[in-house]
Amino acid sequence: MLRDLDPSRPDTSRRLLSLLDDAGVPYRLIGHAPEGRTDLASALRGHPLRQAAKCLVVRVGTGRRSRRYVLAVVPGDRRVDMRRVRELYGGTDAAFAAREVAERLSGCVSGCVVPFTFHPDLDLVVDPGLLRHDDIYFNAARLDLSIALPVPAYVALARPRTAVLTNPVGPDRPLAGAVAGAAGPAAVSVLGTGSGSGRGEGPRP
């Protein structure tokens, strides 16, 4: 099974792959050089930036001593609009969560947060612009491993709340060294596929 290939894989990565395998959804694992920036990771994976799931943990103040934490998932070519997040929760302010808080709630180091929540104190909200594509791409809770996942499968498993969270930052432009749907063999390797049966095969990451 792909999820058993590397016993040292971080817990969140193992948990995510187990979720995908157990649900029987198709997905691809893509190995690449360690990278946490959305634009550079997208170039390594070889897809348009708009198909990347950019995941950001936001703290929303909801009162004098109360707050909510939100995993805001947006297309890679967009920026999170804090005003929209604040208004969505009727909050008084919104800002990026402190790094240590974001990593604790997401179970991931900065740069490889996944668009799923496994913590009860972290809400998941996805901008609908990301869900217009056939597939989305994101780091698999590791800087050197990514997942390509069909949108219907993602929505069925993550069950996200959807709301407009962004303002556009301009038209999607080709990434240097990237070709939509493909990548050079020196930059990326497809490690295998999953179909829920655990039969995806490939070299050990």
Side-chain angles (χ1 to χ4, degrees), residues 2-3 5-6 9-10 12-21 23 25-57 71-80 106-116 124 126-155 157-158 160 166 168-195 200-205:
L2 281 173
R3 65 190 185 208
L5 287 176
D6 184 359
R9 182 175 294 145
T12 301
S13 185
R14 290 202 307 269
R15 185 171 184 177
L16 174 61
L17 293 178
S18 293
L19 175 68
L20 299 179
D21 283 343
V25 300
Y27 66 90
R28 287 188 295 123
L29 285 178
I30 305 168
H32 51 76
E35 183 54 63
R37 286 182 50 180
T38 305
D39 55 345
L40 298 182
S42 297
L44 288 173
R45 295 184 297 240
H47 62 81
L49 184 55
R50 62 179 175 267
Q51 285 184 261
K54 184 160 62 175
C55 306
L56 303 160
V57 179
L71 178 58
V73 182
V74 303
D77 62 344
R78 301 288 182 96
R79 294 193 181 107
V80 173
S106 68
C108 307
V109 299
S110 180
C112 62
V113 176
V114 300
F116 291 81
L124 174 62
V126 178
D127 188 279
L130 181 66
L131 306 179
R132 296 171 182 165
H133 309 291
D134 292 333
D135 300 293
I136 58 173
Y137 296 78
F138 51 92
N139 285 69
R142 286 173 47 171
L143 293 173
D144 63 346
L145 185 68
S146 290
I147 291 175
L149 183 64
V151 165
Y154 170 67
V155 172
L157 287 177
T166 64
V169 295
D172 184 56
R173 293 183 294 273
L175 296 168
V179 178
V188 63
S189 59
V190 177
L191 299 178
T193 60
S195 62
E201 298 179 356
R204 181 173 181 160

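Proximity of a side-chain donor or acceptor of Q51 to a complementary backbone N or O of Y137 within less than 3.5 Å is not detected. With S13 contributing its side chain and R142 its backbone, the two residues share no donor-acceptor pair below 3.5 Å.
Between the CZ atom in F116 and the CG atom in L71 there is a gap of 10.5 Å [rounded to 0.5 Å]. One distance of note links CG of D134 with CG of L149; it measures 12.0 Å at 0.5 Å rounding. The distance from atom SG of C108 to atom CG of L143, rounded to the nearest 0.5 Å, is 10.0 Å. Note that CG of L130 is 9.5 Å distant from CG of D77, once rounded to the nearest 0.5 Å. To the nearest 0.5 Å, atom OH of residue Y154 and atom CG of residue L131 are 7.0 Å apart. Rounding to the nearest 0.5 angstrom, the gap separating the OG1 atom in T38 from the CG atom in L56 is 7.5 Å.
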Q.
Using side-chain contact (heavy atoms from CB on, under 4.5 Å), reason through L16 and I147 one step at a time and then give a plain yes or no.
A. CA-CA 10 Å; L16 174 61; I147 291 175; 3.7 Å; yes

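Considering all non-hydrogen atoms of both residues, L49 and D39 come closest at CD1-CA, 3.7 Å. When all heavy atoms of R45 and F138 are compared, the pair lying nearest together is NH1-C, 3.8 Å. Listed here is the closest heavy atom pair of G129 and P75: C-CG, 3.8 Å. Of all heavy-atom pairs spanning K54 and G76, the tightest one is NZ-O, 3.7 Å. Closest heavy-atom contact between A41 and E35: N-CG, 3.6 Å. Smallest separation of non-hydrogen atoms from H32 and I30: CD2-O, 3.5 Å.
Using a 4.5 Å heavy-atom cutoff, the side chains of D135 and V151 are not in contact.
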